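Beneath this line is the structure, given in structure tokens, with notes to follow.
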2 protein chains.
Amino acid sequence: MTVSQSTSADRPVATRRRGEALENALLDAAWTELRSVGYAKLTMERVADRANTSRAVIYRRWPSRHELVIAALLHQQPTGGSRIPDTGSLREDVLTIMRRAARRISDIGPATVTGLLNDLMADDASHAIIDQLARGGAEVMNRALARAAARGEAREHVPERVARLPLDLIRHELILTHRAPSSATLEAIVDQIFLPLVKPLL
Amino acid sequence: MTVSQSTSADRPVATRRRGEALENALLDAAWTELRSVGYAKLTMERVADRANTSRAVIYRRWPSRHELVIAALLHQQPTGGSRIPDTGSLREDVLTIMRRAARRISDIGPATVTGLLNDLMADDASHAIIDQLARGGAEVMNRALARAAARGEAREHVPERVARLPLDLIRHELILTHRAPSSATLEAIVDQIFLPLVKPLL
DNA sequence: CCGATAAGATGCAAGCCGTCTCCTAGATAT
DNA sequence: ATATCTAGGAGACGGCTTGCATCTTATCGG
């Protein structure tokens with residue numbers, strides 16, 4: 001009985017985690033921390049504590065807070081899953097894309113998104129992530145535009161800058177308000193700005 | 001000899017500053033600190049050191065870093081001085097306004113602007129500053145638009161959202177690139193987006 | 001069963017924050 | 001001029017967070 005150090009009451013903790021299990025625990029901890037206190041107040045210490053481990057374990061994997069958070073986001077909602085909408089109407093397609101973006105933002109937390117954007121831009125190594133994000137957006141919009149053009153709903157050649165416009169404006173709205181844009185805002189962007197710019201000339 | 005504490009070699013420092021002189025010194029220190037290390041790395045400690053005083057003196061005046069920085073910006077380049085351009089052409093008027101904004105941003109430092117925006121939005125009390133900034137922008141644009149409408153260069157009623165567009169897009173560009181937008185970017189925004197949206201219908 | 005590996009605990013120096021307490025310069029009032 | 005009062009300046013405080021370095025020890029692969 002004296003040697004019963006490994007059995008139970010001594011450490012109610014599960015056995016030492018490793019590899020993927022540990023990584024998942026860390027990413028989950030980061031994610032819940034993100035949702036509960038937000039990006040600004042998220043610290044390596046809190047995440048480590050929440051995952052019942054130590055900061056060193058985190059630093060072994062991610063060198064900085066924003067890399068950890070990016071990893072947590074990707075882990076939480078993998079980037080796939082976004083089928084391109086095809087409702088038969090350009091307006092609805094674009095609105096769907098925008099609503100999806102707005103939804104994603106409010107899931108993550110507006111303040112988190114802006115804080116993260118800021119930190120990413122300050123880090124040269126992370127610029128890639130940003131314009132990958134921008135490119136992805138333009139991609140989706142171009143699909144919708146191509147189909148609309150085939151239906152005669154939009155002109156053939158729409159400048160990249162115009163195609164990006166709806167998502168860019170969502171981002172801008174986010175920056176200035178720290179809230180995901182309302183449905184009315186989305187519709188205003190589409191009806192007052194986007195559709196007039198891509199409508200066929202005659 | 002023992003009592004010679006006040007004469008000279010003891011403290012080469014000028015006499016103790018007060019009121020406005022001290023405040024100017026602090027704001028100047030904040031400004032140069034801003035230019036040399038940027039907003040992210042600006043600390044109360046560094047500013048105090050640079051101004052040869054102590055943090056307490058700063059806190060007596062501004063409760064937070066972003067309030068200090070805002071004060072420093074206003075002190076450095078007072079908000080006036082911006083006469084509304086009237087070149088006789090809407091395109092040139094708008095471009096002038098945009099160039100001015102871009103200029104101002106690169107003077108202050110793009111990273112500083114975005115960091116500041118982020119902190120301001122996180123602080124409920126400072127929201128006012130932001131939409132005062134937005135309103136100011138819309139104001140100027142509306143002036144230019146009104147004159148253009150009188151010349152028949154633009155339609156009569158342009159939605160607020162469209163009027164704000166050029167400046168909003170500058171801001172967005174800033175967020176994503178942390179650099180003041182290039183001249184080519186400004187022209188693209190005007191020619192591909194803004195002018196088509198405000199051009200008279202027929 | 002035996003290492004190699006990595007988890008986990010802990011300690012450290014550094015930097016910054018925001019507040020507080022002293023002491024005293026200098027402006028103001030009497 | 002002397003007393004008084006305000007606010008500058010110096011510094012210490014406890015607190016938090018960061019990265020890194022150490023040490024022990026659980027667990028995996030062979």
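Lettering of chains follows the sequences in order, A, B, ..., and the numbering in each one begins at 1. These figures come from a predicted structure and were not determined experimentally.
Residues Arg55(A) and Val47(A) have side chains not in contact (no heavy-atom distance under 4.5 Å, counting atoms from C-beta outward). Within the 4.5 Å cutoff, the side chain of Arg100(B) has heavy atoms near those of the Pro85(B) side chain.
Following rounding to the nearest Å, Leu26(B) (CG) and dA7(D) (P) show an atom-to-atom distance of 15 Å. In this structure, CZ of Arg17(B) is placed 17 Å from C1' of dT6(D), rounded to the nearest angstrom. One atom, CZ of Arg16(B), and another, P of dA25(C), lie 7 Å apart when rounded to the nearest Å. Distance CG (Leu22(B)) to C1' (dG9(D)): 10 Å, rounded to an integer number of Å.
Within residues 36-64 of chain B, the residues that have a heavy atom under 4.0 Å from DNA chain C are, in order of number, Thr43(B), Met44(B), Glu45(B), Arg55(B), Ala56(B), Tyr59(B).
Figure legend: Arg91(A) and Phe194(A) shown without cation-pi pairing, the cationic atom not lying both under 6.0 angstrom from the six-membered ring centre and within 45 degrees of its axis.
The side-chain contact (heavy atoms from CB on, under 4.5 Å) test with Met141(B) singles out one residue from Val162(B), Leu167(B), Ile84(B), and that residue is Leu167(B).
Counting only distance, with no hydrogens or angles, the side chain of Asp93(A) and the backbone of Thr87(A) share a donor-acceptor pair below 3.5 Å.
Between Ala163(B) and Asn142(B), the shortest heavy-atom distance links the atoms CB-OD1, 3.7 Å.
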